[in-house]
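What follows is a single structure, and I will ask about it in a moment.
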Amino acid sequence: MTRWQLAHGRHLDLGAQSLLMGILNVTPDSFSDGGEFARPERALQQARRMIDEGAAIIDVGGESTRPGAGAISAREEQARILPIIEALSSEGGSLVSVDTYRAETARLAVAAGAHIVNDVHGLQREPDIAQVAADTGAGLVIMHTGRGREKLADVIADQFLFLNRSLEIARDAGIADERIVLDPGFGFAKDGEENLELMARFGELRALGFPLLVGTSRKRLARRLVGESDEGRDVGTAATSVILRLKGASIFRVHNVAVNRDALAFADAVRERETGEEIRPAR
């Protein structure tokens with residue numbers, strides 16, 4: 001059992017039970033649900049539904065990270081996400097994560113009530129975001145990406161190269177290890193074969209010594225074998241969630257919370273038999 005320390009005096013216990021992070025894209029152009037939740041009332045309805053279905057965390061993003069998506073200004077990103085974060089925080093129904101690489105957006109989001117900063121550039125696009133996490137006490141998700149750089153040929157070697165650099169940035173900023181979770185970044189400048197190789201060798205990432213979050217939801221990795229329908233993509237996602245749970249992942253960033261919750265219940269039961277670790281409700 002590992003305790004993940006978060007902002008505002010909160011924490012999550014990671015170990016015996018899978019934890020679900022519900023994706024809430026308040027964008028017009030995200031690859032799966034762009035435009036569906038751009039209006040605040042629709043976004044809050046979706047967040048409440050995911051909480052009711054079992055999401056421990058709602059991850060709020062205001063800029064699409066799909067390949068080829070256009071950049072927006074920090075002000076526009078903040079205008080999209082801050083009212084949602086404030087509303088969710090006031091309701092107190094779940095923990096809130098902000099999906100951003102911008103230091104100022106992260107600072108404002110934590111001030112608005114966010115508990116976690118989720119940086120898809122692993123602190124390496126705006127390194128000042130690490131100081132924001134340190135100063136606010138936020139939990140931090142550091143994600144691997146291959147975008148904008150030369151990768152090593154071996155997928156695991158590249159994970160260690162990139163994530164160890166990110167961890168140096170975090171430690172230089174004074175972020176304690178108990179506030180850090182790592183994400184291998186499925187789909188971020190990785191082709192189908194690389195994603196499958198990363199999944200097959202996922203257990204090797206445990207040598208980094210941090211809890212692992214995964215985000216395969218509705219990505220090409222899940223779609224390539226099961227088709228493009230929403231139902232197929234969600235079933236494919238659930239299959240990857242189970243595989244990765246059995247290889248050591250703790251947190252699952254998903255669009256369809258209910259399907260993944262049910263699939264992961266079986267994975268957790270198998271792990272309990274293997275490890276003898278009793279499944280307890282998430283706090």
Side-chain angles (χ1 to χ4, degrees), residues 1-26 37 40 43-62 77-78 80-101 105-120 129-130 132-143 170 175-183 210-215 217 241 245 249-258 260-261 264 268 279-283:
M1 183 75 70
T2 299
R3 178 157 288 184
W4 188 19
Q5 299 291 345
L6 312 175
H8 309 301
R10 300 290 297 275
H11 69 267
L12 278 171
D13 288 332
L14 309 177
Q17 185 175 39
S18 304
L19 293 180
L20 290 157
M21 174 186 275
I23 298 169
L24 187 62
N25 291 318
V26 289
F37 310 115
L44 290 170
Q45 287 173 1
Q46 174 67 359
R48 293 173 189 131
R49 186 175 82 173
M50 291 191 291
I51 292 165
D52 288 344
E53 291 175 345
I57 307 163
I58 301 298
D59 190 43
V60 183
E77 178 190 40
Q78 293 155 18
R80 290 175 180 177
I81 66 172
L82 292 179
I84 305 302
I85 292 171
E86 289 173 353
L88 289 173
S89 177
S90 68
E91 292 180 7
S94 73
L95 297 165
V96 180
S97 170
V98 58
D99 179 359
T100 187
Y101 58 85
T105 299
R107 185 185 69 79
L108 292 171
V110 178
H115 306 89
I116 299 161
V117 173
N118 178 15
D119 182 2
V120 299
I129 199 170
V132 171
D135 292 344
T136 61
L140 181 62
V141 179
I142 296 173
M143 198 194 81
I175 300 171
D177 285 358
E178 58 263 29
R179 296 193 179 275
I180 296 172
V181 164
L182 302 180
D183 177 351
F210 291 87
L212 298 168
L213 178 152
V214 292
S217 189
S241 293
R245 177 58 173 160
S250 295
I251 306 170
F252 300 82
R253 185 178 180 274
V254 299
H255 296 86
N256 190 321
V257 172
N260 284 274
R261 175 201 65 206
L264 285 164
D268 285 346
I279 297 175
R280 300 184 180 90
R283 296 181 181 177

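As the structure is a computational prediction, the values presented were derived from the model and not from experiment.
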For Ala138, all residues meeting side-chain contact (heavy atoms from CB on, under 4.5 Å), sequence neighbours excluded: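 For Ala138 the side-chain contact (heavy atoms from CB on, under 4.5 Å) partners, ignoring immediate neighbours, are Ala7, Val110, Val117, Thr136.
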
Sequence neighbours excluded, which residues qualify as side-chain hydrogen bond (donor to acceptor under 3.5 Å, both in side chains) partners of Thr100?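 Glu77.
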
Residues that Arg245 engages under side-chain contact (heavy atoms from CB on, under 4.5 Å), provided they are two or more places apart: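 Once residues adjacent in sequence are excluded, the partners of Arg245 under the side-chain contact (heavy atoms from CB on, under 4.5 Å) criterion are Ser18, Ser250, Phe252, Leu264, Ala267, Asp268, Arg271.
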
Just verifying a value: how many Å separate Gln46 CD and Ile84 CD1, rounded to the nearest 0.5 Å?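 That separation rounds to 11.5 Å.
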
Could you tell me the separation between the CD atom of Glu53 and the CG atom of Asn256, rounded to the nearest 0.5 Å?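 Rounded to the nearest 0.5 Å, the CD-CG separation comes to 6.5 Å.
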
For Tyr101, ring pair (Phe, Tyr, Trp, His ring centres under 6.0 Å) partners two or more places apart: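 Counting only residues at least two positions away or on another chain, Tyr101 forms a ring pair (Phe, Tyr, Trp, His ring centres under 6.0 Å) with His121.
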
Ala55: what forms a side-chain contact (heavy atoms from CB on, under 4.5 Å) with it, not counting sequence neighbours?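 In terms of side-chain contact (heavy atoms from CB on, under 4.5 Å), with neighbours along the sequence ignored, Ala55 is linked to Met50, Ile58, Val257.
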
Would you kindly say whether Asn118 and Ser97 are connected by a side-chain donor-acceptor distance under 3.5 Å?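 No, Ser97 and Asn118 have no side-chain donor paired with an acceptor closer than 3.5 Å.
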
Under the 3.5 angstrom rule, does the side chain of Arg80 hit a backbone N or O of Gly62 as a donor-acceptor pair?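 Yes; judged by distance alone, with no hydrogens or angles, the pair exists.
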
Quick one, Met21 and Leu19 - any side-chain contact, counting heavy atoms below 4.5 Å?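 They are not in side-chain contact.
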
All side-chain contact (heavy atoms from CB on, under 4.5 Å) counterparts of Asp183, not counting sequence neighbours: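 By the side-chain contact (heavy atoms from CB on, under 4.5 Å) rule, Asp183 matches Val141, Met143, Leu213.
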
Can you check whether Arg261 reaches Val254 side chain to side chain, under 4.5 Å on heavy atoms?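 A side-chain contact is absent here, since even the closest heavy-atom pair is not under 4.5 Å.
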
Working to the nearest 0.5 angstrom, can you tell me the gap between Gln5 CD and Glu178 CD?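 Spacing of CD (Gln5) from CD (Glu178) equals 6.5 Å.
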
Tell me whether Arg179 contacts the main-chain N or O of Trp4 through its side chain, where contact means a donor paired with an acceptor under 3.5 Å.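 Checking the backbone N and O of Trp4 against the side chain of Arg179, no donor-acceptor pair under 3.5 Å is found.
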
